[in-house]
Amino acid sequence: MMMNTRKKRLAVTVAGAISLSASVAQAEDFNATATLQNTLAVTSLQDFDLGSLFATVTGTASTEGVGALIISPLGAVSDPTDSGSINLTSLAAPTAAQGSVDMAATFTLQLPKTDVIDAGDFAADTSTTLNADLLAEGIELVHDSANPSVPSLWLMHFTVGDVSGGASTVPGSANDGTFQITPDFGETTFVFNIGATVTTEPGGFDSTNTTYPATYQEGTYAGTFVVTAAY
């Protein structure tokens with residue numbers, strides 16, 4: 001007798017969650033900033049002290065010229081060709097100005113531009129342009145009384161002397177105030193001295209001075225000039 005045998009299949013269901021994860025890229029924004037600096041910090045180590053000077057009067061007119069002294073970056077004093085009648089004399093040694101710049105590559109120092117002032121006019125201003133040129137570019141040193149009837153002293157024709165850390169050259173014309181500085185290898189600080197020419201005021205220079213020659217007064221004469229560095 002044959003028996004029919006049925007095979008029963010058991011279906012098993014497994015319940016659960018299956019998570020399929022694909023590779024996901026996440027973007028993030030980054031900011032970019034830059035600071036552009038064309039100027040360098042100039043540190044003043046020492047102000048310009050012209051020392052004790054002797055001057056009495058200006059000329060009666062600009063054609064008489066001016067008294068003048070050249071102060072080197074080392075503080076040495078010399079006499080340029082100046083007026084035969086107007087006296088400016090150094091009585092005590094001056095102290096040159098000194099500054100420094102931190103920089104490891106070539107840069108330029110810019111001192112006051114005074115190239116329109118002609119040293120040839122110091123002896124006798126026959127072209128009668130010295131007055132206007134001093135107003136345009138000269139650095140005025142005013143008496144501490146601020147009395148307009150007291151004539152001023154004037155600074156011009158600035159020079160730079162190398163003290164340490166590099167060397168300076170004049171890339172342009174004389175007295176344009178520009179000096180190119182090349183640091184020595186491995187140096188990061190350039191120290192320099194500043195010299196200049198100082199003169200009396202031309203006769204007839206200031207209309208507020210009602211009489212000429214105008215008389216100099218004892219006291220302090222002071223002014224300010226700017227030095228910048230760039231690369």
Side-chain angles (χ1 to χ4, degrees), residues 42 44-59 62 64-100 109-125 130-131 133-134 137-144 150-164 167-170 173-179 190-203 205 213-227:
V42 178
S44 175
L45 302 178
Q46 184 171 270
D47 286 333
F48 204 167
D49 183 355
L50 278 65
S52 295
L53 303 176
F54 173 82
T56 54
V57 294
T58 69
S62 63
E64 291 187 59
V66 294
L69 293 171
I70 298 173
I71 302 174
S72 78
L74 297 178
V77 180
S78 59
D79 291 305
T81 301
D82 60 359
S83 174
S85 58
I86 312 304
N87 193 19
L88 181 63
T89 305
S90 175
L91 301 178
T95 301
Q98 187 174 87
S100 68
L109 280 176
Q110 184 64 54
L111 278 72
K113 175 181 177 294
T114 57
D115 56 355
V116 300
I117 302 171
D118 186 359
D121 291 332
F122 294 168
D125 183 19
L130 186 56
N131 293 7
D133 292 344
L134 284 174
E137 294 186 348
I139 303 300
E140 186 175 11
L141 307 182
V142 179
H143 187 256
D144 54 16
V150 178
S152 299
L153 296 172
W154 291 83
L155 275 183
M156 66 215 69
H157 298 172
F158 292 85
T159 54
V160 167
D162 311 323
V163 176
S164 66
S168 65
T169 57
V170 178
S173 59
N175 301 319
D176 69 357
T178 302
F179 297 87
F190 175 71
V191 181
F192 59 95
N193 281 2
I194 299 172
T197 296
V198 57
T199 73
T200 59
E201 189 165 284
F205 180 80
T215 304
Y216 279 97
Q217 302 294 318
E218 292 187 346
T220 300
Y221 290 74
T224 301
F225 62 92
V226 176
V227 179

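FYI, the numbering just counts along the sequence from 1. FYI, side chains are in, hydrogens and waters are out, and symmetry mates aren't considered; it's all heavy atoms of this structure.
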* T159: side-chain hydrogen bond (donor to acceptor under 3.5 Å, both in side chains) partners, not counting sequence neighbours ->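 side-chain hydrogen bond (donor to acceptor under 3.5 Å, both in side chains) list for T159, sorted by chain: empty.
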* Any donor-acceptor pair under 3.5 Å from H157 side chain to A174 backbone ->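 No, H157 side chain to A174 backbone: no donor-acceptor pair under 3.5 Å.
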* Under 3.5 Å, is there a donor-acceptor pair between the side chain of D144 and the main chain of T220? ->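 Looks like yes, one N/O pair under 3.5 Å.
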Tabulate below the donor-acceptor pairs under 3.5 Å that side-chain atoms of residues 86-99 make, not counting sequence neighbours, or state none.
| from | atom 1 | to | atom 2 | distance (Å) |
| --- | --- | --- | --- | --- |
| N87 | OD1 | T89 | OG1 | 3.0 |
| N87 | ND2 | T89 | OG1 | 3.4 |
| S90 | OG | A92 | O | 3.3 |
| Q98 | NE2 | N193 | OD1 | 2.8 |

Pair [X], [Y]: side-chain N/O donor-acceptor within cut-off below 3.5 Å:
X	Y	answer
Q110	T178	yes
S168	D162	yes
E140	S152	yes

* Where does the angle between the aromatic ring planes of F48 and F225 fall among parallel (under 30°), tilted (30 to 60°) and perpendicular (over 60°)? ->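 Geometry flag for F225 against F48: perpendicular rings.
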* Out of curiosity, E64 CD to S85 OG, how far, rounded to the nearest 0.5 Å? ->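 Separation between the atoms: 4.5 Å.
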* Look up atom CG in D82 and atom CZ in F122, then write down how far apart they are to the nearest 0.5 Å. =>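 Atom-to-atom, D82:CG and F122:CZ are 8.5 Å apart.
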* Residue from I71, D47, L111 passing side-chain contact (heavy atoms from CB on, under 4.5 Å) with I194 ->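 Only one option passes, and that is L111.
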* Asked: So which of T197, T114, L50 actually passes side-chain contact (heavy atoms from CB on, under 4.5 Å) with L155?
  ->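 The residue from T197, T114, L50 that satisfies side-chain contact (heavy atoms from CB on, under 4.5 Å) with L155 turns out to be L50.
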Is any side-chain heavy atom of [X] less than 4.5 Å from a side-chain heavy atom of [Y]?
X	Y	value
D133	D118	no
D115	S173	yes
F179	F192	no
I70	D79	no
L134	I117	yes
T200	P151	no
L130	S62	no

* Report the C-alpha distance between I139 and M156 in whole Å, list the side-chain angles of each, state the deciding distance to 0.1 Å, and finish with yes or no for side chain to side chain contact (heavy atoms under 4.5 Å, CB included). => CA-CA 6 Å; I139 303 300; M156 66 215 69; over 6 Å; no
* L109 and F190: side chain to side chain contact (heavy atoms under 4.5 Å, CB included), yes or no, with the steps? -> CA-CA 11 Å; L109 280 176; F190 175 71; 4.2 Å; yes
* Intermediate values then yes/no, side chain to side chain contact (heavy atoms under 4.5 Å, CB included), Y216 and F54 -> CA-CA 9 Å; Y216 279 97; F54 173 82; over 6 Å; no
* May I have the step-by-step check of side chain to side chain contact (heavy atoms under 4.5 Å, CB included) for S164 and V191, ending in yes or no? => CA-CA 5 Å; S164 66; V191 181; 3.6 Å; yes
* Start with the C-alpha gap between W154 and F205, add the side-chain angles, then the distance that decides, and say whether ring-ring contact (aromatic ring centres under 6.0 Å, His included) holds. => CA-CA 12 Å; W154 291 83; F205 180 80; 5.2 Å; yes
